[in-house]
Every structure is written in C-alpha cells, then in structure tokens.
There are 2 protein chains.
Amino acid sequence: MPTPHYGQPRYHVIADELRERIESGVIPPGALLPPESVLTAEFRASRGTIRQALAVLRKNGLATTEHGRGTYANAYAFSHALSGGSDVQKREREVAADAELAALFGVEIGAPLIEFESVTRKGRNVSAVTRTYRLSSPAY
Amino acid sequence: MPTPHYGQPRYHVIADELRERIESGVIPPGALLPPESVLTAEFRASRGTIRQALAVLRKNGLATTEHGRGTYANAYAFSHALSGGSDVQKREREVAADAELAALFGVEIGAPLIEFESVTRKGRNVSAVTRTYRLSSPAY
DNA sequence: AGAAATTTGTCCGTATGTATC
DNA sequence: AGATACATACGGACAAATTTC
C-alpha cells in the first residue's frame, strides 16, 4: 500500500471520523472506544498513526485514556456537540424483534428487545438517528 | 537488540510453527496452548510478537482465546469466511424510510436512507446491534 | 469465602527498516 | 531531503477474568 497523504494527514482524518462517532452517539459517552489493535485493523493504519489520532482526541477533550484499560469517550463531548448548534434527544423503549433482529440475536420473532434511540439534530434538520438494540433479558 | 525483519516476520514463523503443532495433533483439538509467558520463552520473542502470532491463528479459525483462561486449539472446521474472526461486523446499505424515520428526517415514506449497521458479538452471541440512519443525499 | 497466582487484554514508550510523497 | 506512514519488534506496566490454594 502506498502512502498518499493528500490534503490532510491520515491521523487527522481518523481523528475526525472518531470524533464524528462520539459526537453522534455511535460511541456513547462513557463507553470504551475499540482498542488500538482493532482500530489499526479498521482503518488499516499503523499503531503509531492510530495513537496520533487518539492523542488528538485527548487534546480536544473528547476522550480519556487509562493505562491498561482503554480509551473512553467523554460525556463532555456530547455537550460540546450540543453547544455547537446540534441537539440530541434520547429515549429508551421496549420493542418486538423483527425477523432480522431475531435472527441476529437468536431469539424468536416478537421477542422483547431494548431499543435505545438517539436523534441528532442540526438546526431544524435531523442529521442522524441511531438505534441500538440489546436483549432485554440477559443471554446466558 | 535490533529488529531485523529479513525474510518472513517472526510472528508469521511462530504462527506457522504453532499451526503445524495443531494440525499434526501435537496440540490436540480442545487442548490449551501453552500460555503466552511460556511461548515467549520458547520462541524467545516478546509477548507482543507472540500475541500477534496467536492473532493469526484466531483469524484462521485455528484457535480461540478466552480472557483469563488461555488459548484453545480448535477442532478446526473451516470457519474462515463465516466468522471472519472479528468482534464487530459492519455493513452499509440503502433502506427505505419507514413512517417514523420519515417523520424525523422530514422526508416522504419510502425515501432512501443510508443505514450503517454494526453487529457486536461476544463469543457466539450477539450482544448489541446499532443502526445509524442518515440522509442518502445530504440536505444542505 | 477469600486471597494469591495465573493468564489474557490493553496501553506506554521506544526503536529499526522500508516506502512514498 | 524531509515529512508521513507502514510493518515489525522490544520491554514494561496496569487491568480484568479465571483458576488455584
């Protein structure tokens, strides 16, 4: 693989992508980001480049890294996006599994799932809707 | 010590050796491989290099690792294309807006949306499914 | 039941060699 | 030549899950 750095350096592009995920709620506040090893695979970047990207997030207050544990998305990032003119509404509800979700979770169609929905608005427009589904009763 | 990686990288050589032991039955299916600490001594490689070799085995479906327990040799079926060996599977597709999404985004029902789906697995079970919806053609 | 040891998971910092822009 | 990035490798430290005593 060549090393094209048109415009922006890779670590900056990666940092932007991760910031987008944090501010949009794809990575919810307080959640762990994927470990460096996974990020290297996802972005096909070397560990050094990934670490540079994470350093950018830390410097901007979007993430916090703990030795031996991982890198957290900061809750502060949410309010940052809020003050930036976007608005986020959240809600949690119980829904019935459709065929697709049932197949994924290995439950019957109609089985109860917890749906966590996050609606991100910028101005009057909705920019993103994120729905996270989990089993309502723990899998054992 | 310097780090000459002439020819094949060390983790690759080590992975090959371990695969040989598994396929030849020296390490029978279901048995635990030696712990990383022992492998570092055997191959005189750093732990990181050993873990890289083990990652190759996992990716090839030859071994399975459990936190705090160890790495098992798999009774190897050919699970290469199936699981891919990764924890998170992602895909992106275009879907039609249902009534709720249409109302949120302010588009007509059936209008095209980009759906980004991420399926997180723990072991064999799906632990979470996240779907993020965005407008397919940015409205600005 | 509880403490210690084992083992894997993750991050830190550093270093070398290679390749491309 | 310099900056960026990749792949590889080392050693150390802390965290978390599991097993053992």
Side-chain angles (χ1 to χ4, degrees), chain A residues 1-18 22 27 30-59 62-74 138-140, chain B residues 1-18 22 27 30-59 62-74 85-88 120-125 127:
Chain A
M1 293 290 272
T3 310
H5 51 283
Y6 308 130
Q8 294 181 336
R10 290 259 292 155
Y11 72 88
H12 192 273
V13 175
I14 294 171
D16 270 351
E17 168 62 25
L18 291 175
I22 292 173
I27 300 176
L32 280 172
L33 272 65
E36 295 173 353
S37 55
V38 172
L39 293 177
T40 57
E42 272 191 29
F43 291 102
R44 296 189 182 181
S46 72
R47 191 183 153 219
T49 304
I50 294 297
R51 286 176 58 75
Q52 279 186 79
L54 292 176
V56 171
L57 295 183
R58 282 193 295 270
K59 186 171 284 188
L62 287 160
T64 305
T65 300
E66 289 184 25
H67 191 171
R69 242 175 101 80
T71 299
Y72 294 95
N74 282 340
Y140 42 91
Chain B
M1 293 305 195
T3 310
H5 50 280
Y6 310 126
Q8 288 189 338
R10 300 197 59 192
Y11 75 88
H12 191 275
V13 175
I14 295 171
D16 270 351
E17 169 62 26
L18 291 175
I22 292 174
I27 301 176
L32 280 172
L33 272 66
E36 295 171 357
S37 55
V38 172
L39 294 177
T40 57
E42 273 190 31
F43 292 101
R44 295 187 186 179
S46 73
R47 197 180 153 215
T49 302
I50 295 296
R51 287 178 58 76
Q52 222 169 339
L54 292 176
V56 171
L57 297 182
R58 282 192 296 268
K59 188 170 288 185
L62 287 160
T64 304
T65 299
E66 291 182 23
H67 192 171
R69 188 167 286 168
T71 298
Y72 294 95
N74 281 342
S86 64
D87 279 334
V88 180
T120 303
R121 286 188 165 81
K122 274 203 170 181
R124 296 176 190 83
N125 300 321
S127 60

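All heavy atoms count here, side chains included; hydrogens, waters and symmetry mates do not.
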>> Run the side-chain hydrogen bond (donor to acceptor under 3.5 Å, both in side chains) test against Glu36(B) and tell me which residues pass, sequence neighbours left out.
In response: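 Result, side-chain hydrogen bond (donor to acceptor under 3.5 Å, both in side chains) vs Glu36(B): Arg47(B), Arg51(B).
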>> Run the side-chain hydrogen bond (donor to acceptor under 3.5 Å, both in side chains) test against Tyr72(A) and tell me which residues pass, sequence neighbours left out.
In response: Arg69(A)
> Hey, which of Leu18(A), Leu32(A), Leu33(A), Leu62(A) is the one that makes side chain to side chain contact (heavy atoms under 4.5 Å, CB included) with Thr71(A)?
Replying inline: Leu33(A)
> By a strict heavy-atom criterion of less than 4.0 Å, which residues belonging to residues 46-54 of chain A are in contact with DNA chain D?
Replying inline: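 Going residue by residue through residues 46-54 of chain A, the ones with a heavy atom under 4.0 Å of DNA chain D turn out to be Ser46(A), Thr49(A).
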Would you kindly give the [atom1]-to-[atom2] distance between [X] and [N], to the nearest whole Å?
| X | N | atom1 | atom2 | value |
| --- | --- | --- | --- | --- |
| Arg10(B) | dG17(C) | CZ | P | 16 Å |
| Leu32(A) | dC11(C) | CG | C1' | 12 Å |
| Ile14(B) | dT8(D) | CD1 | C1' | 12 Å |
| Glu36(A) | dT14(C) | CD | C1' | 14 Å |

>> To the closest 0.5 Å, what do you measure between CG (Leu57(B)) and OG1 (Thr65(B))?
In response: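 Between atom CG of Leu57(B) and atom OG1 of Thr65(B) there are 8.5 Å.
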Identify all pairs in which a protein N or O lies below 3.5 Å from an N or O of nucleotides 17-21 of chain D, and state each distance.
residue	atom	partner	partner atom	Å
dT18(D)	O4'	Gly68(B)	O	3.4
dT18(D)	O3'	Arg69(B)	NE	3.1
dT18(D)	O3'	Arg69(B)	NH2	3.1
dT19(D)	OP1	Arg69(B)	NE	2.7
dT19(D)	OP1	Arg69(B)	NH2	2.5
dT19(D)	OP2	Arg69(B)	NH2	3.4

Run the side-chain contact (heavy atoms from CB on, under 4.5 Å) test against [X] and tell me which residues pass, sequence neighbours left out.
| X | result |
| --- | --- |
| Thr49(B) | Arg10(B), Tyr11(B), Ile14(B), Ala45(B), Ser46(B) |
| Val38(B) | Pro34(B), Pro35(B), Glu42(B) |
| Ala31(B) | Ile27(B), Pro28(B) |
| Ala55(B) | Arg58(B) |

> Is the shortest side-chain N/O distance from Tyr11(B) to OP1 or OP2 of dT8(D) below 4.0 Å?
Replying inline: yes
